[in-house]
Amino acid sequence: MTPQLPYATLRQIFARFAGIEPEPKSELEHVNAFTLLVAVALSAQATDVGVNKATRRLFQIADTPEKMLALGEDGLIEHIRTIGLYRNKARNVIKLSRLLIETFGGEVPSSRAALMTLPGVGRKTANVVLNMWFHHPAQAVDTHIFRVGNRTGICPGRDETAVERAIEDNVPVEYQAHAHHWLILHGRYICTARKPRCGICPIRDWCLYEEKTA
DNA sequence: ATCCCGAGGG
DNA sequence: CCCTCTGGAT
């Protein structure tokens, strides 16, 4: 495994991220807590661009659990057919909407345990909602953060939970609130899975990745 | 470990 | 063609 970069180096790396983008935010479109939850659930193994394309119209029709139930599973499928895994996602969103109404008073719950009782909501999705909506210092580890964390040495770990711990234990506290989105954006546009753009990487000086091609 | 599963890029 | 995209349930 790639060794963990020292604390002093992480300070320099995140100071660099903060200089480039002081207020990094999600590129997932949403209008309230419910639509954020749905958008994040739909984003599993899919691009933000693809999810936004589908939810732009969907959320004009169904931006509450009640309206989502009224739309129904088949109606929902018509909107998200262009997103991968759409059958599982449609079923989960309908069941999740019903559960929100029947068990949580129509509100999105604010604890990780409660969020994870919702169908289609695992630890990663729960942590994104906690971070973005409730401003908890929760570290959601997705495909980008897992790859970037291990490739660079910023937050290495064998599985998602280990990476989550590495962030909590090693990233300077003042940077933890924004760490998630900084790492996401870095992974999406610079440290890409297939052909990382090391030639324009702002943290190249500290990176432990060997293949520093252009 | 496997399945789900379309769009976009290379 | 193959790989990747803010995973989760079985």
Side-chain angles (χ1 to χ4, degrees), chain A residues 17 21 24-30 33 35-58 73-74 76-97 99 108 112-134 136-152 154-155 157-164 166-167 171 176-199 211 213-214:
Chain A
F17 284 148
E21 180 52 76
K25 48 184 167 68
S26 174
E27 297 180 345
L28 273 178
E29 295 173 12
H30 60 281
T35 52
L36 171 62
L37 175 62
V38 172
V40 177
L42 292 178
S43 72
Q45 299 292 286
T47 61
D48 278 10
V49 174
V51 172
N52 289 338
K53 193 178 300 179
T55 58
R56 164 117 27 178
R57 300 182 61 80
L58 170 65
E73 189 170 325
D74 292 335
L76 176 53
I77 285 180
E78 292 310 309
H79 286 273
I80 66 172
R81 197 184 286 284
T82 55
I83 304 177
L85 317 179
Y86 65 88
R87 268 188 278 260
N88 287 338
K89 289 173 181 176
R91 187 176 345 110
N92 286 333
V93 168
I94 294 301
K95 289 165 72 174
L96 164 161
S97 298
L99 196 55
V108 175
R112 177 159 47 203
L115 284 165
M116 287 181 66
T117 65
L118 302 170
V121 179
R123 189 180 182 89
K124 178 261 171 181
T125 298
N127 280 347
V128 171
V129 173
L130 289 174
N131 179 305
M132 288 181 59
W133 194 260
F134 297 105
H136 292 195
Q139 299 299 337
V141 178
D142 69 333
T143 179
H144 290 305
I145 291 174
F146 187 80
R147 178 184 66 254
V148 172
N150 280 298
R151 193 183 263 172
T152 60
I154 292 174
C155 48
R158 289 200 165 72
D159 53 37
E160 289 78 3
T161 310
V163 172
E164 188 177 328
I167 295 173
V171 174
Q176 292 211 7
H178 289 317
H180 173 70
H181 287 124
W182 277 322
L183 292 170
I184 289 278
L185 294 175
H186 185 63
R188 182 175 298 163
Y189 298 113
I190 308 288
C191 197
T192 52
R194 216 163 328 161
K195 188 182 155 196
R197 307 170 69 186
C198 301
E211 186 184 329
T213 58

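Side chains are part of it too, since the values below use all heavy atoms of this structure and drop only hydrogens, waters and symmetry mates. Naming convention: chains lettered A, B, ... in sequence-line order (proteins, then strands); numbering from 1 in each chain.
The nucleotide range of DNA chain C contacted by chain A, defined by atoms under 4.0 angstrom from heavy atoms of the protein and reported 5' to 3', is C/dC3 to C/dA9. Protein chain A contacts DNA chain B from B/dC4 to B/dG10, reading 5' to 3' and using non-hydrogen atoms of the protein with a distance under 4.0 Å.
Partners of A/H186 according to the ring pair (Phe, Tyr, Trp, His ring centres under 6.0 Å) rule, which considers only residues two or more places apart in sequence or in another chain, are A/F17. Not counting sequence neighbours, the partners of A/R123 by the salt bridge (charged side-chain N to carboxylate O under 4.0 Å, His left out) test are A/E164.
Within the 4.0 angstrom heavy-atom criterion, only backbone atoms of the sugar-phosphate kind lie near A/T125; the bases stay farther away. Heavy atoms of A/L183 sit nowhere under 4.0 angstrom from any nucleic acid atom. Looking at heavy-atom distances under 4.0 Å, A/R81 makes contact with sugar-phosphate atoms alone, never a base. Within 4.0 Å of A/R194, counting heavy atoms only, lies at least one base atom of the nucleic acid. No engagement by A/G50 is indicated, since no non-hydrogen atom pair under 4.0 Å with the nucleic acid exists. At the heavy-atom level, A/K89 lies nowhere under 4.0 Å from the strands shown.
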Could you give the side-chain donor-acceptor pairs of residues 36-46 of chain A under 3.5 Å, partners two or more places apart or in another chain?
residue	atom	partner	partner atom	Å
A/S43	OG	A/V40	O	2.7

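Two residues are said to be in side-chain contact when any heavy atoms from C-beta on lie closer than 4.5 Å; A/P196 and A/I190 fail this criterion.
A donor-acceptor contact shorter than 3.5 Å is absent between the side chain of A/R147 and the backbone of A/D142. A donor-acceptor distance shorter than 3.5 angstrom exists from the side chain of A/N150 to the backbone of A/G157, with no hydrogens or angles considered. When atom types are taken as modelled, the side chain of A/H136 and the backbone of A/L130 share no donor-acceptor pair closer than 3.5 angstrom. The backbone N or O of A/E27 sits less than 3.5 Å from a side-chain atom of A/N52, completing a donor-acceptor pair. Panel note: side chain A/Q139, backbone A/Q176; a donor-acceptor pair is recorded below 3.5 Å. No donor-acceptor distance shorter than 3.5 angstrom exists from the side chain of A/T192 to the backbone of A/R188, with no hydrogens or angles considered.
A residue-by-residue look at A/S26 and A/N92 shows that A/S26 has its nearest nucleotide of DNA chain C further toward the 5' end. Each of A/R87 and A/K53 lies near DNA chain B, and the nucleotide nearest A/R87 is the one positioned closer to the 5' end.
A perpendicular orientation is assigned to the rings of A/H178 and A/W182, their planes being inclined by more than 60° (bins at 30° and 60°).
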How far apart are the C-alpha atoms of A/V128 and A/K124, what are their side-chain angles, what is the distance that settles it, and do they pass the side-chain contact (heavy atoms from CB on, under 4.5 Å) test?
-> CA-CA 6 Å; A/V128 171; A/K124 178 261 171 181; 3.8 Å; yes
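A distance of about 15 Å separates the C1' atoms of C/dC2 and B/dC5, rounded to the whole Å. Nucleotides C/dC5 and B/dC4 place their C1' atoms 14 Å apart, quoted to the nearest Å. Between the C1' atoms of C/dT10 and B/dG6, the separation comes to 22 Å (whole Å). Look at the P atom in both C/dG8 and B/dA7: the space between them is 23 Å, to the nearest Å.
Listed in residue order, the members of residues 140-150 of chain A having a heavy atom less than 4.0 Å from DNA chain C are A/D142, A/T143, A/H144, A/R147.
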